[in-house]
Number of protein chains: 2
Amino acid sequence: MTARELARMLGVSQSAVSRAFTPGASIAPELREKIVRFAENVDYHPNAIASMLSKSRTNIVGIVISDMQNPFYPALIEQLSRALQRIGLQSLMFNITRGSDLEEQLSALRRYNVDAVIIISATILSGPTLQWATDGRAAILINRVAEDTELSCVICNNAEGARAIADHFHAIGRRRVAYVAGLSHTTTNRERQNAFITRVAERGMTLSALIDGNEYSYYAGRSAALDILARGETDAIFFANDILAAGGLDALKESGVRVPEDIAVAGFDDISMAAWPHYDLTTFRQPIDTIVDVAVTMLENGSCAPGQPPVIRRISGELIKRGSTGVS
Amino acid sequence: MTARELARMLGVSQSAVSRAFTPGASIAPELREKIVRFAENVDYHPNAIASMLSKSRTNIVGIVISDMQNPFYPALIEQLSRALQRIGLQSLMFNITRGSDLEEQLSALRRYNVDAVIIISATILSGPTLQWATDGRAAILINRVAEDTELSCVICNNAEGARAIADHFHAIGRRRVAYVAGLSHTTTNRERQNAFITRVAERGMTLSALIDGNEYSYYAGRSAALDILARGETDAIFFANDILAAGGLDALKESGVRVPEDIAVAGFDDISMAAWPHYDLTTFRQPIDTIVDVAVTMLENGSCAPGQPPVIRRISGELIKRGSTGVS
DNA sequence: ACGCGCGTTGCATACGGATGCAAGATCAGG
DNA sequence: CCTGATCTTGCATCCGTATGCAACGCGCGT
């Protein structure tokens, strides 16, 4: 069923049908009403593909992701895709894998003429690939900053969070603190690590250990915690995110360490698991709602369009104190 | 840069350009070579939208999901979207929300002319809505069966799993067992629950409790476990999935119950968390790889096309024995 | 040398809807 | 009743690629 057929049946022109389904188009209310009603009967709905072709607007946003293991990302993606749907945009998912040819994986991003690209992959994509993938279209990075490229981004204030953790450790009397990195070269890690180390020094605390987990995983957190435990001298650990912290917490408890009495533990993100009684993890909450709102607003007002100067939006988070630092 | 412009520059016809990018098209190898090479220089790539319009094939699969909180689904979706990408299909994500108007949320599914629909939402969608959403196109349900509609599906052998758990409980000497449902009306729950109860009776064990958690969540698992504990009389609990089981396990341990000595615990799915030393959860693994393979194969060979009779593919799983039933 | 057949190429048109422009309809004011 | 302004409507064309069909060229067999 096409607009032309429908038009013929009603004895109107195809343009009329098109206008009936175009908000704000120049058409008499009665005609629109008549067409829309008849369309429902014969189950006509405008073909989005044809519309894309003539309007050169797809209403599709490409979402590039690489890590669905860390629950923070599914939660973010879920909210994001819903927010986009609410304003009439669909999400085309690009689940990229380290290793295989990225340009091949992302080639559809260009061929499909997506209106915008949202990149949530903290790692993997190098500057040039980013540039290539987003070339000539609106783009937003979430949770990483562009290094050499000029892209807008929405990112949690990692430094603020890391300082809040450091201050909190200091406030509860800890003086020999450790930091466990996830992937050390990621934006998020660098910002958290640098700010934490700096504030630790400023507060006169000692950085008793600095470990690179090499991945943001539960098991990396476990072995990092055991390393720290083996060398002693630590009374608080800041893990670069909650998944690492969860592993660390479990490993410490299994080793007979009392948390928080012997060692306090903090994470970052505030994934739902952090609130589970078993973990009861102090952490710095990344406000997913706000991140999504800001990103969607940037899309709507075009401030991330290709010509525009890149915008960096820092989102404030919130320290959530829980039992793993003794405040439960 | 369009095919026509490129063609004019090279002094060939637009058809030639089209053929150069169409595998198997009738074109001389040298001409194709020449066009493809030149295209790279001027950064031409075929416009997928236009191609969709003329071929009336989009290479897009709509993926309908509703629950990203249970880690099983992100894991499944990640694998699925990668497998689809590998055969040249992109995934358009439809994250639906209970409550708001589903037909509105899914209207894009029809307007976008997706080649196929894969529905992973265990709940929410009623029969008629399913019918409406998939009308006239290839469709596959994953992890639920169609009730009154004629749709193909790929689903874990839930009954097999539930029986394996019951048998395992019996084998380790448990006789008073409980079952904790997630959403009781879902396909997965009903199949697991019925098979479990039946086998429990066959083995001469007693069903000491049957609780409906009303949702597949950690907290529902906790309160179910506490309920069961309060009424005593139970030495093994089968939770309808791993997230429930995780909550249940934690609640039991916090109450001073020894697992598995006092009460053995089993889940279903084998999400990555189940293997964590802290949970060390006996569970029935749903083989995500196989499920994805089968679904993708069905798409490829067209056995789920609109005209075809519905196919139901039962996927066998595997009992993973761990510490929560004493086998660690 | 002629004719047939196969492999290439271009032409024309289709896919379904959007939109600038002009024509027609409607209405108010004089 | 006439004129001009405003609102509706239809016509024609465009978006960028795919493809059936006809035309062309080349090589081979007789």
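Letters A, B, ... are given to chains in the order of the sequence lines, protein chains preceding strands, and every chain is numbered from 1. Please read all numbers here as calculations on a predicted model, not as lab measurements.
- Between the side chain of B/Arg144 and the main chain of B/Val154, no donor-acceptor pair closer than 3.5 Å is present.
- Each of A/Ser56 and B/Lys55 was matched to the nucleotide of DNA chain D holding its nearest heavy atom; the match closer to the 5' end belongs to A/Ser56.
- Residue B/Ser18 places at least one side-chain N or O under 4.0 Å from the OP1 or OP2 atom of D/dA18.
- Distances shown here put a side-chain N or O of B/Ser13 below 4.0 Å from the OP1 or OP2 atom of C/dG10.
- In the set D/dT17, C/dT9, C/dG17, the nucleotide with an atom closest to the side chain of B/Pro46 is D/dT17.
- In the set D/dT8, C/dG17, C/dA18, C/dA18 carries the atom at the smallest distance from any side-chain atom of A/Thr22.
- Nearest to the side-chain atoms of B/Ser15 among the listed nucleotides D/dT19, C/dG16, C/dT8 stands D/dT19.
- Looking at heavy-atom distances under 4.0 Å, B/Leu31 makes contact with sugar-phosphate atoms alone, never a base.
- With hydrogens and angles ignored, no donor-acceptor pair closer than 3.5 Å exists between the side chain of A/Thr2 and the base of C/dC15.
- Within 4.0 Å (heavy atoms only), B/Val12 reaches sugar-phosphate atoms of the nucleic acid but no base atom.
- For C/dG17, the OP1/OP2 oxygens have no side-chain nitrogen or oxygen of A/Ser51 closer than 4.0 Å.
- Closest to the side chain of B/Gln14, from the set C/dA12, D/dT8, C/dG16, is C/dA12.
- Ring-centre distance between A/Tyr216 and A/Tyr73: not below the 6.0 Å cut-off.
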>> Between B/Arg137 and B/Asp115, is the salt bridge (Lys or Arg N to Asp or Glu O under 4.0 Å) condition met? List the steps.
In response: CA-CA 7 Å; B/Arg137 68 195 82 230; B/Asp115 290 342; over 6 Å; no
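- Listed pair A/Tyr44 / C/dG17 meets the phosphate criterion, a side-chain N or O lying under 4.0 Å from OP1 or OP2.
- Side chains of B/Leu130 and B/Leu151 form a contact here, defined as non-hydrogen atoms less than 4.5 Å apart.
- Taking 3.5 Å as the limit, the base of C/dG17 and the side chain of A/Arg19 contain no donor-acceptor pair of atoms between them.
- The side-chain heavy atoms of B/His45 and B/Glu40, taken from C-beta on, include no pair separated by under 4.5 Å.
- Within the 4.0 angstrom heavy-atom criterion, only backbone atoms of the sugar-phosphate kind lie near B/Ile27; the bases stay farther away.
- Of the two residues near DNA chain C, A/Ala50 and B/Pro29, the one whose nearest nucleotide lies more 5' is B/Pro29.
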